[in-house]
Amino acid sequence: MIKPIARNNKFFIKSVLIIAAISVLFLFGGINRTINSTIEQILSVARGELVPDTNIVIVDINKNDIDKITLPPINKNYFALLINSLQKTV
Amino acid sequence: MKKIGLDIVLGSRFVKQSIDDTLLAKVIKNSGRVIVSSIAGRIEKQNKNFVTDSISYPATKLLTENISTGHINFISADDIVIPLRIDLFGRTEKAFALQLSDKKEGKQNDLHVNFISSQNKLTQYSLFGFFDAVENDEIYLENKIVIVGFTGAQFLTGIETAYDDNISNAALQAFAVDNLLRNRFTNINFIFLSALVFIVSLAAFVLWQTFKFGKPIIIYPLYFVSFFIFSYVLFGLLDVRLAYSIMLLPLFFLFISDFVFWVYDKQLELTGLKKEEEILETLLFKKELELKRFENELKVASGKEALLCVKKIKSLKNEIDARHSKLNFEEIVLELLRSRNFSQSSFNEITEEIGVISGKVISEYFSGAVLKSYVENNFDEEKTAKWISTSNDEEVNKRVKTKLKLFIREIESNIKKENKNNFELLKEKFKSKYKNLPRKFHPYLDEIIRKLISGL
């Protein structure tokens with residue numbers, strides 16, 4: 001016959017489960033990391049993208065640029081030229 | 001132009017090793033604003049400081065010219081961490097981003113990068129696009145920090161953010177500089193404190209929802225939403241990271257346990273209800289047979305006998321109608337008793353009000369409800385009385401408690417009289433008690449007997 005579970009017993013079971021869950025997090029770091037990074041990604045998406053500091057500029061050298069200059073590897077003098085151009089813009 | 005960062009490994013196979021680095025070295029030196037990237041070897045943390053066994057510098061010639069360098073290493077653990085200073089046998093190599101930001105030396109040893117947007121939102125030019133913009137005076141770089149880097153597939157970091165699948169190293173460094181300039185790196189100083197707060201909160205939650213809240217499952221969405229809002233305010237607005245997992249995994253386990261308890265309780269209730277239904281069905285069947293008998297008798301009866309038959313038929317019809325209506329009798333009985341403050345006369349008044357049910361049935365359901373609550377409240381008389389009465393009135397609770405004590409003392413004295421410790425034997429002896437209790441309450445009487453045996 002099914003027996004009713006007393007509230008105290010339910011509380012005891014739940015307390016054990018809390019301790020078990022925390023132990024799992026300490027023993028298995030991967031689970032801990034996965035949960036935290038997932039939540040942080042959700043929070044980031046919920047917050048929405050912020051505007052990066054406009055004082056930071058990236059000059060990226062992509063495949064097309066390399067193809068236009070020459071076949072890789074790039075001569076270091078191109079960087080000297082680039083730095084020179086950057087200086088001139090101020 | 002504030003600073004120029006060359007996020008390029010000049011010794012790599014993508015950059016031609018010219019016989020002489022003189023031109024590049026001269027230009028960098030003349031500029032005085034260029035930071036060239038370096039790469040540290042194996043990084044270890046010792047007493048909160050980062051140390052390495054080697055650092056690869058761009059080119060020997062550049063080093064001899066005392067050109068500023070900064071390492072582009074990062075540690076990928078729980079998140080992306082950039083050591084702000086790495087020690088190599090007494091020599092400190094600062095992070096590339098720190099060098100570019102020109103931030104003053106602080107106590108902070110590392111930077112937990114906060115990827116605030118997609119890398120596409122950063123101000124970017126392709127190499128030729130940049131030269132065109134310079135030529136056409138379309139670009140104004142005063143006070144700007146320019147990071148020059150490759151963005152080909154070979155130069156991706158493998159880092160997945162909330163907005164990008166794989167960001168380039170130049171973008172990683174740009175976000176790091178942004179975080180340093182705007183003080184919006186991820187703050188991890190509150191992880192331990194938040195873990196403690198979450199554990200205390202979970203303990204309070206469990207205590208409250210187990211002992212004070214009748215329907216524990218309903219409270220979960222509310223609790224989860226509160227946690228989410230709290231986390232959102234701290235992370236979304238203040239960049240503070242919390243120990244989310246310490247809250248969420250236990251909460252998930254608790255939810256599962258409460259769901260299992262709920263299914264279990266429903267099963268228990270259902271078992272009782274099925275038996276109750278069976279009894280009601282049997283009673284109904286009997287009443288219908290009786291009704292047919294009186295209807296037949298009425299056909300041949302006359303005078304006083306006929307009047308009696310009509311009265312009986314009317315009463316039976318009312319009873320059958322009541323049986324057909326699916327009432328939760330236990331709740332009705334308790335509600336009616338509550339409205340009368342559980343007074344002595346209330347049982348008779350209710351019997352009269354309901355009409356078709358005998359006072360004995362009402363008493364049986366009331367006893368059952370009290371026993372059930374007594375077990376669920378872990379055999380605490382005070383709590384049981386309050387649970388049944390749903391009142392803080394001392395007089396009302398005293399009445400309920402007196403009735404409860406009466407039930408329990410009676411069972412207790414019977415157990416003592418029998419002088420037996422065997423539950424099954426006692427159960428056999430208490431057949432009449434079980435008979436006077438609706439079937440669905442039998443498991444609670446079992447528990448009480450067991451409890452009383454263990455206390456003897």
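With rounding to the nearest 0.5 angstrom, the CD1 atom of Ile13(A) is 11.5 Å from the CG atom of Leu254(B). With rounding to the nearest 0.5 Å, the separation of CG in Leu242(B) from CD in Glu40(A) is 9.0 Å. A distance of 14.0 Å separates CZ of Phe28(A) from OG of Ser245(B), quoted to the nearest 0.5 Å. In this structure, the separation between OH on Tyr244(B) and CD1 on Ile42(A) is 10.5 Å, given to the nearest 0.5 Å. One distance of note links CD1 of Ile246(B) with CD1 of Ile18(A); it measures 11.5 Å at 0.5 Å rounding. Expressed to the nearest 0.5 Å, how far OG1 of Thr161(B) lies from CD of Gln41(A) amounts to 7.0 Å.
The salt bridge (charged side-chain N to carboxylate O under 4.0 Å, His left out) test applied to Asp164(B) returns no partner, not counting sequence neighbours.
Counting only distance, with no hydrogens or angles, the side chain of Glu49(A) and the backbone of Ser118(B) share a donor-acceptor pair below 3.5 Å. At least one donor-acceptor pair under 3.5 Å links the side chain of Asp178(B) to the backbone N or O of Asp53(A). Under the 3.5 Å distance criterion, the side-chain polar atoms of Tyr163(B) are matched with a main-chain donor or acceptor of Ser44(A).
For Ile56(A), the parts lying under 4.5 angstrom from a heavy atom of chain B are both the backbone and the side chain. Using a 4.5 Å cut-off between heavy atoms, Val24(A) contacts chain B through its side chain alone, with no backbone atom that close. Proximity to chain A involves both the backbone and the side chain of Asn377(B), based on heavy atoms less than 4.5 angstrom apart. With a threshold of 4.5 angstrom between heavy atoms, Ile35(A) approaches chain B through side-chain atoms but not through N, CA, C or O. Phe115(B) touches chain A through its backbone: at least one of N, CA, C or O sits under 4.5 Å from a heavy atom, while the side chain does not. For a residue to count as touching a neighbouring chain, one of its non-hydrogen atoms must lie under 4.5 Å from one of that chain's; by this rule Ala195(B) does not touch chain A. Contacts of Leu181(B) with chain A are made by side-chain atoms alone, with heavy-atom separations under 4.5 Å and no backbone atom involved. Proximity to chain A is limited to the side chain of Glu447(B), based on heavy atoms less than 4.5 angstrom apart.
If you tally non-hydrogen atom pairs under 4.5 Å between each of Ala170(B), Gly149(B), Gly129(B) and chain A, the highest count goes to Gly149(B). Across Ala46(A), Ala20(A), Ser37(A), the residue that shares the most heavy-atom pairs under 4.5 angstrom with chain B is Ala46(A). No other option in Ile19(A), Leu17(A), Asn8(A) has as many heavy-atom pairs under 4.5 Å with chain B as Asn8(A).
Among the candidates Val57(A), Asp60(A), Val59(A), the single residue satisfying the side chain to side chain contact (heavy atoms under 4.5 Å, CB included) test with Val148(B) is Val59(A).
A 4.5 Å side-chain heavy-atom check between Met247(B) and Ile39(A) finds every atom pair outside the cut-off. Between Arg184(B) and Leu50(A) there is a side-chain heavy-atom pair separated by less than 4.5 Å. Two residues are said to be in side-chain contact when any heavy atoms from C-beta on lie closer than 4.5 Å; Ile58(A) and Tyr125(B) fail this criterion. Between Ser117(B) and Val51(A) the shortest side-chain heavy-atom distance does not fall below 4.5 Å.
Other residues, nucleotides and ligands contribute over 12 non-hydrogen atoms within 6.0 Å of the OH atom of Tyr232(B).
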List the steps and the verdict of side-chain contact (heavy atoms from CB on, under 4.5 Å) for Phe11(A) and Leu207(B).
CA-CA 7 Å; Phe11(A) 178 69; Leu207(B) 269 170; 3.6 Å; yes
Where do Arg47(A) and Asp239(B) land on the side-chain contact (heavy atoms from CB on, under 4.5 Å) test, with the steps shown first?
CA-CA 11 Å; Arg47(A) 175 188 64 186; Asp239(B) 304 309; 3.5 Å; yes
Could you walk me through whether Lys10(A) and Asp258(B) pass the salt bridge (charged side-chain N to carboxylate O under 4.0 Å, His left out) check?
CA-CA 9 Å; Lys10(A) 284 182 182 174; Asp258(B) 264 323; over 6 Å; no
Using side-chain contact (heavy atoms from CB on, under 4.5 Å), reason through Phe261(B) and Lys14(A) one step at a time and then give a plain yes or no.
CA-CA 11 Å; Phe261(B) 289 146; Lys14(A) 287 176 184 179; 4.0 Å; yes
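In plain terms, the two heavy atoms of Leu249(B) and Ala21(A) that are nearest each other are CD2-O, 3.6 Å.
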